[in-house]
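As structure tokens, the structure follows; a few thoughts come after it.
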Amino acid sequence: MTSKELLYVEDALGHEQYFQTKCNEVASTLQDGELKSTVASMQKTHQEIFNSFINTLQ
């Protein structure tokens with residue numbers, strides 16, 4: 001893997017971590033149960049994407 005490709009991978013992983021963090025932050029502030037559940041589901045999806053990237057690299 002070239003250094004530029006590695007930067008792309010690091011960037012993608014960073015984005016997925018950022019999305020997870022933001023989803024957690026937002027979910028913790030929501031009062032509506034359905035909306036909170038939706039955002040929690042989004043966080044789970046981004047965790048799965050992150051894990052998929054990691055598993056592909058191994």
Side-chain angles (χ1 to χ4, degrees):
M1 183 178 298
T2 68
S3 60
K4 189 161 188 147
E5 290 170 330
L6 183 57
L7 288 174
Y8 288 136
V9 170
E10 289 174 349
D11 198 35
L13 289 171
H15 282 94
E16 290 306 321
Q17 286 179 318
Y18 174 79
F19 292 142
Q20 289 176 58
T21 301
K22 286 300 167 186
C23 285
N24 283 333
E25 289 175 6
V26 169
S28 70
T29 65
L30 294 172
Q31 300 297 320
D32 182 272
E34 185 176 344
L35 188 54
K36 190 173 197 158
S37 175
T38 299
V39 173
S41 176
M42 291 170 60
Q43 185 277 331
K44 183 180 176 195
T45 298
H46 287 293
Q47 178 66 52
E48 291 169 355
I49 293 169
F50 179 87
N51 291 342
S52 179
F53 276 131
I54 294 295
N55 290 335
T56 299
L57 295 171
Q58 294 177 346

- Item | Option passing side-chain contact (heavy atoms from CB on, under 4.5 Å) with Q20 (candidates H15, K44, Q43, E25) | Q43

- Query: Do you know which two heavy atoms are closest between L35 and D32, and how far apart they sit?
  - Reply: N-OD1, 2.7 Å

- Item | Hydrophobic cluster identity match, L6 and Y8, side-chain contacts under 4.5 Å | no

- Task: Kindly give the heavy-atom pair with the smallest separation between M1 and L57, and that separation in Å.
- Result: CE-CD2, 3.9 Å

- Message: Could you report the tightest heavy-atom contact between M42 and C23, atom names first, then the distance?
- Response: CB-SG, 3.9 Å

- Item | Atom pair CD (Q47) and CG (N51), whose distance is rounded to the nearest 0.5 Å | 4.5 Å

- Query: Distance from N24 atom CG to F19 atom CZ, nearest 0.5 Å?
  - Reply: 14.0 Å

- Between NZ of K36 and CD of Q31, what distance do you get to the nearest 0.5 Å? 7.0 Å

- Query: Do you know which two heavy atoms are closest between E16 and I49, and how far apart they sit?
  - Reply: CD-CG2, 3.5 Å

- Message: Using only atom types and a distance under 3.5 Å, with no angle test, would you say the side chain of T21 pairs donor to acceptor with the backbone of Q17?
- Response: yes

- Query: More than 12 non-hydrogen atoms from neighbouring residues, nucleotides or ligands closer than 6.0 Å to CD on E34, yes or no?
  - Reply: no

- How many angstroms lie between OH in Y18 and CG in D11, if you round to the nearest 0.5 Å? 13.0 Å

- Message: Donor-acceptor check, side chain of T56 to backbone of S52, threshold 3.5 angstrom: yes or no?
- Response: yes

- Item | Step-by-step side-chain contact (heavy atoms from CB on, under 4.5 Å) determination, E10 to L7 | CA-CA 5 Å; E10 289 174 349; L7 288 174; 3.7 Å; yes

